[in-house]
Amino acid sequence: MSNQRTILPEIQGLRAIAVGLVLLFHVWPDLVPGGYVGVDVFFVISGYLITGLLVRAAIRDGRISLIDFYARRARRLLPVATLVLAVTFAGTLILLPQSRWEETAIQIGASALYVQNWVLGWLAVDYLGAENAASPVQHFWSLSIEEQFYFVWPLVMIAAMALARRAGMPLRRVFLAALAVIFLASFAASVFVTETNREWAYFVTHTRMWELALGGLLALTIHRFNAGSLVRAGMASAGLAAIFYSSATYSANTPFPGTAALLPTMGTVLIIMAGDIRLGRFRGLDSKWLRYIGDRSYSIYLWHWPLITFYVVGQPRVGLIDGIGLIALTLVLSHLSYEHIEQRFRHPRHMEKWRPLGYAAASITACILAAGALQYRVTSEAIAAIPVADANYPGPAVLLAGAPVPEGIDLIPPMAQLKSDLPVVYSDKCHQNQESAEPIFCTLGAVDSEGTLIVVGDSHAAHWVPPLEEIATERGLRLLTFTKSACAFSRIMFNKGGEPYPSCYEWRENVLNEIREIQPDMVIVGQSKGYSVDDDQMFEGVRGMWSDLIETGARVVAIDDTPWMPFVAGDCLDSNKQDCFALREEVESPKLFASLAEGFDGVQVVDMTDAICGPNRCEAQVGNIIVWRDRHHLTATYARSLAPYLEQSIGL
């Protein structure tokens with residue numbers, strides 16, 4: 001806690017290592033599959049420095065000035081962040097497909113408010129957002145966690161100071177107790193949530209706060225550490241080994257953060273405890289080039305990800321030469337940002353105490369208004385409901401009836417609203433999520449009719465709701481929808497994201513009980529092929545469920561799965577409409593239901609692939625209608641255009 005050194009070479013060297021690992025991981029993920037641990041190094045450093053800053057102020061002045069603290073944070077962080085967000089906003093309009101505008105606008109606003117980690121945490125567990133392409137501001141999740149720490153920790157310390165005065169306790173001891181409680185509670189949450197919901201645990205604040213608290217505990221206790229240069233050199237070497245080992249051996253399959261995050265964070269603690277190590281000519285972390293990178297690490301972190309995201313649109317991966325180019329461009333922009341923005345606002349000659357906070361509010365507001373305007377522009381216009389027989393949009397009639405395709409017609413749905421072109425079960429909140437087992441449903445078509453159709457299954461059953469609703473309305477039938485994300489209507493046990501999925505098992509039985517009570521005329525079953533289950537197990541589970549459905553007296557119709565495309569239609573169509581196709585033999589799904597129905601009486605199998613793909617190719621657009629909203633879900637517009645052909649196949 002001394003003021004002897006205002007610049008800590010080991011900290012700048014650590015920053016360089018951390019941002020270097022993150023940069024290499026994002027450019028060439030196979031090179032350092034665990035390079036994401038660089039973020040954890042940053043967390044410990046931030047906790048160490050910020051706690052030290054606040055404790056010194058508390059001991060020196062007897063108080064902590066929130067205005068001074070937040071003004072200093074605003075000067076340090078917001079100018080470059082605002083510039084990057086503004087450039088990213090412009091780049092989104094110029095370089096990203098319109099189908100990604102709405103999502104990016106939402107995340108720009110979340111990043112400006114420093115709640116991006118919660119948005120990404122929600123998307124990670126939200127089935128509709130789980131497969132979205134990475135946004136150019138996704139990396140703001142870690143900055144959001146730090147900002148939330150900066151907001152909470154000074155308030156905790158002020159409360160601790162008041163408690164110390166009232167109880168007559170040493171100030172440092174109270175600070176230690178407060179940080180220890182935060183550390184233990186957050187670490188316990190991190191371990192538990194990582195085991196139960198790894199995607200959520202990676203982003204949310206309460207599973208990461210312990211890493212910043214660890215740095216804070218170090219700041220409060222490091223003055224007690226005293227060792228010789230050889231011991232400290234060994235500690236620094238062990239710390240570096242821990243960081244590099246985790247970056248080389250960890251991967252996307254590593255349960256993280258949880259206990260796995262202890263290795264890089266404790267390695268960081270060892271390096272900071274060791275301090276500035278120099279052995280002869282070896283300058284350790286105080287080398288000139290490491291300090292250069294460390295000084296610019298914040299700008300490097302901010303700039304690198306938008307550049308990579310914009311570059312890889314339409315690219316399968318970053319190669320060696322283009323990767324080097326991206327790194328070079330990142331360093332150039334970071335140097336300019338550091339010299340002309342960071343340094344200028346960090347050390348202003350004349351700046352009133354409140355002015356930085358005013359600038360901060362203005363910059364955040366500007367980002368939110370720009371993002372909000374873009375989101376409003378995308379969502380304000382409703383997706384037009386084109387009649388099935390519209391000559392400008394023949395859709396599947398091109399494949400099945402040889403209908404001509406009019407030229408010069410805008411594609412539907414509009415590119416900017418592609419991902420919003422969903423079955424009504426999502427907007428009406430009757431598509432069950434992955435957490436609940438309640439058998440919720442929508443009632444569509446002729447809602448008062450005694451004749452009843454039921455569609456049941458996962459999201460690949462849900463994308464048949466639009467044509468079935470058209471059929472039910474025309475035929476005067478009632479349509480009930482029982483669908484749940486990532487839950488096959490098969491009596492099998494399988495995992496979701498490597499974890500048990502008990503709500504799926506319960507939901508299936510609950511839905512089956514509902515069907516028994518409703519006694520429908522027909523049950524239409526749909527299912528994705530994307531389950532890592534042995535074929536024999538799947539066959540047995542599906543047939544068992546079919547037998548139960550037949551016993552209800554309903555006619556059972558099983559629709560085989562649709563193809564899975566190797567690209568996102570919106571991204572491809574925005575860049576090159578001529579090459580947006582895949583060979584049918586490579587993307588067509590296995591005919592699971594057709595195989596199961598052989599020798600099984602009472603189930604009709606329907607295959608709609610001929611209405612989606614040509615004899616040899618599966619196109620991103622058919623008859624001026626975009627077929628896919630992502631890699632394997634039909635747009636609601638194209639699915640609706642299939643109504644007459646699905647009706648004919650079912651035999652209604």
Practice item. Please check if atom CD in E540 has more than 12 non-hydrogen atoms from other residues, nucleotides or ligands closer than 6.0 Å. Key: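 Atom CD in E540 is not crowded, with 12 or fewer foreign heavy atoms closer than 6.0 Å.
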
Review point. Which residue pairs pass the disulfide bond (SG atoms under 2.5 Å apart) test with at least one member in residues 588-652, sequence neighbours excluded?
Key: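 Those involving residues 588-652 are C613-C618.
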
Exercise for review: Can you tell me which residue pairs pass the disulfide bond (SG atoms under 2.5 Å apart) test with a partner in residues 440-483, sequence neighbours excluded?
Suggested key: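 Listed by first then second residue: C430-C442.
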
side-chain hydrogen bond (donor to acceptor under 3.5 Å, both in side chains) against [X], all qualifying residues, sequence neighbours excluded:
X	result
E469	none
D428	none
D607	K591, T609
T249	none

Check your understanding: With a distance cut-off below 6.0 Å to the six-membered ring centre and an angular limit of 45° from the axis, does R629 pair with Y638 as a cation-pi contact?
Key ->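 That pair does not qualify as a cation-pi contact.
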
Results of ring-ring contact (aromatic ring centres under 6.0 Å, His included) for [X] - residues two or more places apart only:
X	answer
W118	W200, H206
W546	F593, F600
F25	Y36
W628	none

Review point. How would you list, by chain and number, every residue that makes a salt bridge (charged side-chain N to carboxylate O under 4.0 Å, His left out) with R475, sequence neighbours excluded?
Key: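 Partners of R475 under the salt bridge (charged side-chain N to carboxylate O under 4.0 Å, His left out) test: E647.
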
Practice item. Test P97 against every option in D571, T92, V568 by the side-chain contact (heavy atoms from CB on, under 4.5 Å) rule and name the one that passes. Key: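 Passing option: D571.
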
Do [X] and [Y] get their side chains close enough for a donor-acceptor pair, meaning under 3.5 Å?
X	Y	result
Q432	E438	no
D421	T637	yes
S485	H431	yes

**Study point:** Sequence neighbours excluded - side chain to side chain donor-acceptor pair (under 3.5 Å) pairs with any residue from residues 515-526
**Key:**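 Matches after skipping sequence neighbours: N513-R516.
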
Practice item. Mind telling me whether H460 and H633 have parallel, tilted or perpendicular rings, with 30° and 60° as the class edges? Key: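 Correct class here is perpendicular.
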
Practice item. Test side-chain hydrogen bond (donor to acceptor under 3.5 Å, both in side chains) on N616 and E585 and set out the steps. Key: CA-CA 7 Å; N616 301 312; E585 62 181 12; over 6 Å; no

